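These figures come from a predicted structure and were not determined experimentally. Below, read A as the first sequence line, B as the second, and so on, with proteins coming before strands; counting in each chain starts at 1.
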Amino acid sequence: MKRTHHCNELRPSHIGQIVTLTGWVHSRRDLGGLIFIDIRDREGRTQTVFDPSDLPKELFEKAAALRSECVVSITGKVRQRPAGTNNSKIPTGEVEVMTQSLEVLNMAEPLPFQIDDPEAAAKVAEETRLQYRYLDLRRPEMARNLKLRSKVAIATRQFMDEQGFLEVETPTLFKSTPEGAREFLVPNRREPGTFYALPQSPQQFKQILMVGGIEKYFQLARCYRDEDLRADRQPEFTQVDIEMSFIEREDIYNLIEGLLQRVWKTALGMDIPTPFKRLRFEEALNRYGIDKPDTRFGMELVDFTEEFKASTFKVFSGAIANGGVVKALNAKGLASATQGQIETMTEYAKSFGAKGLAFIKVENGEWKSPIVKFFSDAEKAALTSKLKIEEGDLILFAADQWLNACEILGKIRLYCADVLKGQGKLTIDPNRFDFLWVVDFPLLGFDREQSRWYSSHHPFTAPVAEDISFLKTDPKRVRGQHYDVVVNGVELGGGSIRIHQPEVQKTVFEDVLQISPEETKLRFGYMLDAFKYGAPPHGGIALGFDRLIAILCNTPSIRDVIAFPKTAKGVDLMTDSPTTVSSKQLRELYLEVKAQKKE
RNA sequence: GGGGGUGUAGCUCAAUUGGUUAGAGCGCUGCCCUGUCACGGCAGAGGUUACGGGUUCGAGCCCCGCCACUCCCGCCA
């Protein structure tokens, strides 16, 4: 049965050889007196021919009984196809295998969906594809995605090894750490009422590894977060997790730029330029209204706070008087926006707490807008020159506190780009990758509801050295040594230089985050202990591996690059998990289910 | 938790304003076919219109509820 070649291997140079191919019946073309069967494996497909004139009747009938996706082993002689019958669509299209023997390894029932026609298969509902994932995975597109994923994983390991990193595995049965994402819990049979938690990331272990003298660690780590899902979020996902000792931010930038260079070369054969651009958090917000800007198109935000400070238009001047700003963006060529599109954008603005959305449509040489009558000539002139206003443009405004105004227009900028793409007025080269680092994030944010500070990244992020003195006096002003790597508006990963002095870490936990000393000891005591015994300065980063692969495969959903993903409600449609468990299992774990069963 | 979209044959989709027996392509079954490659031809089977109610003389279509999938907001240190 052993195959001699795979199904994408035979070429004219093989003519005359006796070969054995194994694989699936991709398609069968039964001409009555002559049968063609395309046999397919992971690598490709090859045409085999059944000619009754030199085959036993029984064998020919066996071939006639085959249907799509039966598993077969076919032995025969490779020959040149007759003149004029070459198939230029497939690489093996110059030759065919004259069958001498056929072994049916397994029959196949009619399929729930067809997988031989790529166009039809791509349209099948994802629900059906996930239920029969083993069939879906046979499609060349899915096979390509998994192959690319494997290649990138191996390239990553190779690169990290070359750079002197050790791959270290960390536990997936971890301790519950209530900060951050909701965790999956695992009940402990040995002690009633105690639980492990699955790690949201190996963050604490990798820092401890630095204290353990590993110096350079990496891992393709599985992480678990029990939060609501999105196209780019699964309950379990993979990170390229990295940590290094005796380094500064620049070392991480260098390393990751090299890694991504290697990955892009391996996966796409592309040379990406380094170093990547750097954008301070503040600048990213000012220009793009988001901390992960897509810089493949312009439409940048422009500030008009000075120009409207004394405006008679109170919505603007009032916002400024309250310490806010006025910002605008020019959606080039979008004056044709429909009522519905303006409505959608207004909803965005309102969801950020704005009262409405001011806009100007520039049509027929006229500014059509409910607010333009309030503008002075000087204000109009400023708008025209700073926004480079031309016929057909749509100008959108936000007047609010700085962060809010930026974020509103950031959201609207992306929406406008989508609309313009749909109208063909904006095209982006699919082979363009705009990498950049976003740096100088604020270390802390303020939660108005709970009236306390929280870590904008995580509590182990080191403050920028010259800002440490403001930790207690002016927390807002403290910048973190945190960095995000962004490509085409997607956050690929992020990390930071960590705190390695126990006193600074204690200050952050107790004075800034207001976690009580007892609580700190309970949750992070072992880390503070570890830091007492000679912790090297260290830092690291984690890249979203699934997102990385999705970008390389040019697919919007990470489900397309995960072999067995879950639905938006966390269900595996193939195995139908999660399920209830027996009362015996529950008893063993000292658990009782109190929720009412759904009918 | 909230908002939007989708759900009709195994698959992909139609079905005018609420109006006859819910159609087509692919797949499936049977027959024919010796150079096809999405083979072709003829014939046929296949439907709880996701599910449960309601309005109506009459519902795939309207209303209410509910389920699944999906996109987004919240959430994701």
Side-chain angles (χ1 to χ4, degrees), chain A residues 26-40 45-54 60 64 67-69 81-90 92-93 96 109-132 135 177-183 200-201 203-204 223-235 237 340 344 347-348 350-352 411 414-415 443-445 447 453-461 480 482 491 494 496 508-509 513 515 523-524 544 556-557 559 566-569 571 573 576 598-599:
Chain A
H26 185 74
S27 77
R28 191 193 50 160
R29 295 176 294 280
D30 185 344
L31 273 59
L34 191 66
I35 300 173
F36 296 97
I37 285 177
D38 282 0
I39 179 168
R40 185 200 72 239
R45 57 191 234 238
T46 303
Q47 171 165 288
T48 65
V49 191
F50 292 74
D51 187 337
S53 60
D54 52 36
F60 190 76
R67 64 153 59 99
S68 288
E69 300 305 309
R81 290 195 185 194
T85 63
N86 283 8
N87 183 356
S88 57
K89 289 183 201 161
I90 56 174
T92 60
E96 62 191 9
E109 289 190 11
L111 302 175
F113 60 94
Q114 287 167 257
I115 60 177
D116 55 344
D117 179 354
E119 273 181 46
K123 286 169 75 181
V124 173
E126 194 173 13
E127 202 173 342
T128 312
R129 290 172 46 204
L130 289 178
Q131 190 185 344
Y132 301 96
L135 296 180
T177 55
E179 297 270 322
R182 192 179 297 116
E183 301 166 317
Q200 307 161 25
S201 79
Q203 182 62 37
Q204 296 175 44
C223 308
Y224 307 85
R225 292 180 190 172
D226 186 10
E227 297 290 351
D228 288 341
L229 307 177
R230 292 281 191 282
D232 62 351
R233 279 168 21 193
Q234 283 275 303
F237 61 99
T344 302
E347 285 309 312
Y348 279 139
K350 284 182 178 168
S351 73
F352 278 90
K411 196 92 185 158
L414 292 177
Y415 176 79
L443 184 69
L444 301 156
D447 183 336
W453 294 94
Y454 62 89
S455 302
S456 40
H457 182 42
H458 60 53
F460 314 112
T461 302
H482 171 59
E491 184 192 328
S496 62
V508 168
F509 280 145
L513 300 178
I515 304 173
R523 287 198 218 162
F524 305 108
S557 165
R559 291 187 299 271
K566 292 172 181 60
T567 68
K569 286 201 174 156
V571 171
L573 292 175
D576 198 27
K598 276 190 220 161
E599 286 306 313

Exercise. Whom does B:A38 pair with, Watson-Crick or G-U wobble, provided both distances fall under 3.5 Å?
Worked result: none
Seminar exercise, completed: Sequence neighbours excluded, the answer for ring pair (Phe, Tyr, Trp, His ring centres under 6.0 Å) partners of A:Phe460 is A:His458, A:Phe524
Problem set entry | Residues that A:Asp116 engages under salt bridge (charged side-chain N to carboxylate O under 4.0 Å, His left out), provided they are two or more places apart | none
Exercise. What distance, rounded to whole Å, do you find between the two P atoms, one in B:G40 and one in B:G46?
Worked result: 24 Å
Problem set entry | Touch class at under 4.0 angstrom, heavy-atom based, for A:Glu347 against every strand present | nothing
For this session: Determine the interatomic distance between P on B:U21 and the same-named atom on B:G30; round to the nearest Å.
Result: 33 Å
For this session: Write down the partner of B:A24 under the Watson-Crick or G-U wobble criteria, each distance required to be under 3.5 Å.
Result: B:U12
For this session: Report yes if a donor N or O on one partner sits less than 3.5 Å from an acceptor N or O on the other, where the partners are the side chain of A:Arg233 and the base of B:C75; otherwise report no.
Result: yes
Problem set entry | Contacts of A:Arg29 that satisfy salt bridge (charged side-chain N to carboxylate O under 4.0 Å, His left out) - sequence neighbours left out | A:Asp38
Exercise. Would you call A:Glu69 and A:Arg40 a salt bridge, using N to O less than 4.0 angstrom?
Worked result: yes
Problem set entry | Between B:G58 and B:C67 - P atom distance, rounded Å | 29 Å
Exercise. Does A:Glu183 have any salt bridge (charged side-chain N to carboxylate O under 4.0 Å, His left out) partners at least two apart in sequence or in another chain, and if so, which?
Worked result: none
Could you pull out all donor-acceptor pairs under 3.5 Å where a side-chain atom in residues 118-128 of chain A meets a protein atom, sequence neighbours excluded?
unit_1, atom_1, unit_2, atom_2, d
A:Glu126, OE1, A:Arg559, NE, 3.4
A:Glu126, OE1, A:Arg559, NH2, 3.1
A:Glu126, OE2, A:Arg559, NE, 2.7

For this session: Take atom C1' in B:C62 and the same atom in B:G23, then report the distance between them in whole Å.
Result: 23 Å
Exercise. So what does A:Thr177 hit on the nucleic acid, given a heavy-atom distance under 4.0 Å: a base, only sugar-phosphate, or nothing?
Worked result: nothing
Problem set entry | Partner set under salt bridge (charged side-chain N to carboxylate O under 4.0 Å, His left out) for A:Arg81, not counting sequence neighbours | none
Exercise. If you measure from the C1' atom in B:G60 to the same atom in B:U20, how many Å do you get, rounded?
Worked result: 16 Å
Measure all distances between protein nitrogen or oxygen atoms and nitrogen or oxygen atoms of nucleotides 42-47 of chain B, and list the pairs falling under 3.5 Å.
none

Exercise. Mind checking what makes side chain to side chain contact (heavy atoms under 4.5 Å, CB included) contact with A:Pro112, not counting sequence neighbours?
Worked result: A:Tyr132, A:Leu135
Exercise. Rounded to the nearest 0.5 Å, what separation is found between the CH2 atom of A:Trp453 and the CG atom of A:Leu513?
Worked result: 11.0 Å
Problem set entry | ring pair (Phe, Tyr, Trp, His ring centres under 6.0 Å) partners for A:Tyr454, two or more places apart | none
Could you go through nucleotides 69-73 of chain B and list every protein N or O atom that sits under 3.5 Å from one of its N or O atoms, giving the distance for each pair?
unit_1, atom_1, unit_2, atom_2, d
B:C69, OP1, A:Thr567, OG1, 3.2
B:C69, O4', A:Glu127, OE1, 3.3
B:U70, OP2, A:Ala568, N, 2.7
B:U70, O3', A:Arg559, NH2, 3.3
B:C71, OP1, A:Arg559, NH1, 3.3
B:C71, OP1, A:Arg559, NH2, 2.7
B:C73, OP1, A:Lys411, NZ, 3.2
B:C73, OP2, A:Arg230, NE, 3.1

Exercise. Can you tell me how far P in B:U56 sits from the matching atom in B:C71, rounded to whole Å?
Worked result: 40 Å
Exercise. What string of B, S and - do you get for nucleotides 31-37 of chain B 5' to 3' if you count protein non-hydrogen atoms under 4.0 Å?
Worked result: --BBBBB
Exercise. Mind checking the C1' distance from B:G47 to B:G41? Whole angstroms is fine.
Worked result: 28 Å
Exercise. Is A:Gln200 reaching over with its side chain to a backbone N or O of A:Cys223, donor-acceptor style, under 3.5 angstrom?
Worked result: no
Seminar exercise, completed: Under a 4.0 Å heavy-atom criterion, the protein footprint on nucleotides 5-11 of chain B, written with B, S and -, is -----BS
Problem set entry | Between B:C76 and B:A38 - C1' atom distance, rounded Å | 44 Å
